[in-house]
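If you read the sequence from its start, that first residue is 1, and numbering goes on from there. Hydrogens, waters and symmetry mates play no part in the numbers below; they use all other heavy atoms, side chains included.
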Amino acid sequence: VRSPKADAVMAVLADGIAAQHTVRVVYAPGARRRPGPQRLDPYRLLSTEAGWGVLAYCHEPRRILRIPVSHLQEAALTRTRFRPVAARLLERHLHHPPPSARGFLKIRLLCRPPLAQTLQKHPPTGMLMWEDGPEGGIIFTLVALRMSDVLPWLLACSESLEVLEPPALLP
């Protein structure tokens with residue numbers, strides 16, 4: 001269901017992005033933000049599963065935040081212009097952060113030659129360290145967010161690899 005108030009907020013944010021003007025916003029009640037008007041420099045509008053959001057520099061906490069547009073009750077352009085931010089700084093905020101460290105999957109592999117020497121020269125993504133293994137092999141420790149990230153690679157190299165950890169991958 002479209003709301004005229006949300007459409008008006010979106011229009012002001014879009015104008016602020018286009019003209020590089022700071023926007024004064026008022027958060028909706030219950031949005032868990034400080035009461036009263038806040039200033040933000042809107043950089044991008046983001047479409048999410050939960051609805052529209054804005055990626056903006058917030059002057060009060062002095063950092064870039066993702067704010068759901070549904071949390072904003074009012075928005076108005078100010079006369080203050082802001083400088084554009086480097087793309088590399090925005091890139092960090094465009095995607096949701098990875099899960100916490102406890103969500104990482106640690107994998108230890110024993111690699112036999114000649115794959116071991118190749119991986120030393122060209123380490124796989126997520127490799128943390130390696131150590132000497134038996135019979136000229138090398139034990140690699142990697143991390144991944146999901147097993148599906150490394151499973152095709154493990155299957156392709158299965159003749160030269162032996163999984164040491166995690167126990168769920170052991171035969």
Side-chain angles (χ1 to χ4, degrees), residues 6 10 13-14 16-18 20 25 27-28 30-34 38 40-72 82-171:
M10 288 281 291
L13 291 171
I17 292 168
Q20 295 180 344
V25 297
Y27 286 94
R32 296 188 201 153
R33 301 277 188 215
R34 298 175 76 178
Q38 304 287 321
L40 43 102
D41 300 339
Y43 299 129
R44 301 270 194 293
L45 286 172
L46 308 169
S47 176
T48 66
E49 294 169 359
W52 286 98
V54 62
L55 183 64
Y57 174 79
C58 297
H59 290 261
E60 283 301 312
R62 294 185 177 176
R63 60 183 191 185
I64 296 175
L65 296 174
R66 296 170 69 103
I67 303 165
V69 172
S70 62
H71 288 189
L72 302 176
F82 62 87
R83 286 186 171 167
V85 174
R88 63 182 165 74
L89 293 176
L90 283 182
E91 184 64 31
R92 287 189 244 166
H93 299 278
L94 287 176
H95 308 287
H96 287 292
S100 64
R102 63 190 165 100
F104 283 102
L105 177 65
K106 178 181 167 188
I107 304 167
R108 291 191 61 208
L109 304 167
L110 171 62
C111 299
R112 294 185 266 298
L115 179 63
Q117 287 69 29
T118 303
L119 291 180
Q120 266 186 313
K121 292 177 187 171
H122 308 285
T125 303
M127 193 196 56
L128 295 177
M129 62 182 201
W130 67 72
E131 57 194 90
D132 291 332
E135 302 172 13
I138 297 174
I139 299 173
F140 286 94
T141 303
L142 344 150
V143 293
L145 290 175
R146 298 173 298 274
M147 183 53 66
S148 61
D149 294 341
V150 293
L151 193 57
W153 180 74
L154 291 174
L155 292 173
C157 301
S158 62
E159 292 182 13
S160 300
L161 292 176
E162 180 181 335
V163 177
L164 302 175
E165 288 180 36
L169 286 179
L170 296 173

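- In plain terms, the two heavy atoms of S70 and A28 that are nearest each other are O-CB, 4.3 Å.
- Of all the heavy atoms in L65 and C58, the pair that sits closest is CD1-SG, 3.6 Å.
- With L109 as reference, L142 is the one residue of L142, I138, I139 to meet the side-chain contact (heavy atoms from CB on, under 4.5 Å) rule.
- Looking at heavy atoms from C-beta onward, L110 lies in side-chain contact with P134 at the 4.5 angstrom threshold.
- In this structure, the salt bridge (charged side-chain N to carboxylate O under 4.0 Å, His left out) partners of E131, at least two apart in sequence or on a different chain, are R108.
- Checked against salt bridge (charged side-chain N to carboxylate O under 4.0 Å, His left out), R112 has the following partners two or more places apart in sequence or in another chain: E162.
- Separating the CG atom in L72 from the CD atom in Q38 is a distance of 10.5 Å, to the nearest 0.5 Å.
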Note to self: side chain to side chain contact (heavy atoms under 4.5 Å, CB included) for I67 and Y27? Distances and angles first, verdict last.
What the structure shows: CA-CA 10 Å; I67 303 165; Y27 286 94; 3.4 Å; yes

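- Between L155 atom CG and L161 atom CG the span is 10.0 Å, to the nearest 0.5 Å.
- Summarising the geometry of A116 relative to F140, their closest heavy-atom pair is O-CZ, 4.0 Å, with the distance given to 0.1 Å.
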Next item on the list: Start with the C-alpha gap between D41 and V85, add the side-chain angles, then the distance that decides, and say whether side chain to side chain contact (heavy atoms under 4.5 Å, CB included) holds.
Entry: CA-CA 10 Å; D41 300 339; V85 174; over 6 Å; no

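- Note: E159 CD to L115 CG = 11.0 Å, rounded to the nearest 0.5 Å.
- The line from CG of L46 to CH2 of W52 is 8.5 Å long, rounded to the nearest 0.5 Å.
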